[in-house]
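Order of listing sets the numbers, starting from 1, for every ligand and every atom in it.
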Amino acid sequence: MEGVFARGDRRLSKVIELAVSKGCKFDAWDEYFDKGAWDEAFKEAGLDPKFYRRERSYDEILPWDVIDIGVSKKFFINENEKAKQAIVTQNCREKCAGCGAACFEGGICHE
Ligand code: SF4
């Protein structure tokens with residue numbers, strides 16, 4: 001469920017509304033989590049949770065692409081590829097990695 005909501009889009013609001021109407025709350029606590037109610041909510045909303053957990057391609061338009069904090073998609077893609085190779089990006093307080101976001105005060109940003 002965390003994967004679904006972390007990677008989901010605005011259509012999930014209907015699922016949440018339906019789940020709450022079925023009594024879902026405090027779902028982070030195992031003793032309150034009602035998978036059956038959530039399954040029903042997804043079904044009634046016409047959504048499949050597997051859709052949100054699938055692997056994504058880099059050229060796919062993502063629900064959060066409308067959020068612009070300055071960090072470029074190219075930077076995120078490069079970081080993802082580096083992570084797959086266990087390559088760590090140096091702390092940008094010491095050397096700018098060129099992410100595109102605002103710099104730290106007193107930093108050595110070259111953007
Ligand atoms: S110094 Fe600024 S632009 Fe450079 S990587 Fe850090 S946050 Fe991004």
Exercise. Identify the two heavy atoms, one from Cys24 and one from Asp34, that lie closest to each other, and give their separation to 0.1 Å.
Key: SG-O, 4.4 Å
Practice problem: Check the pair Phe42, Leu12 against side chain to side chain contact (heavy atoms under 4.5 Å, CB included), reporting the backbone distance first and the verdict last. | Solution: CA-CA 8 Å; Phe42 273 100; Leu12 291 174; 3.7 Å; yes
Quiz prompt | Set of ring-ring contact (aromatic ring centres under 6.0 Å, His included) partners for Phe51, sequence neighbours left out | solution = none
Quiz item: Taking NZ, NE, NH1 and NH2 as the nitrogens, is one of them in Asp65 or Lys73 under 4.0 Å from a carboxylate oxygen of the other?
Solution: yes
Practice problem: Any atoms of ligand 1 less than 4.0 Å from a non-hydrogen atom of Gly98? List them with their elements. | Solution: 4 (Fe), 5 (S)
Quiz item: Between Ala97, Ala101, Cys99, Gly100, which one has a non-hydrogen atom sitting closest to atom 8 (Fe) of ligand 1?
Solution: Cys99
Quiz item: Is there an N/O/S atom in Cys96 at a distance below 2.8 Å from atom 4 (Fe) of ligand 1?
Solution: yes
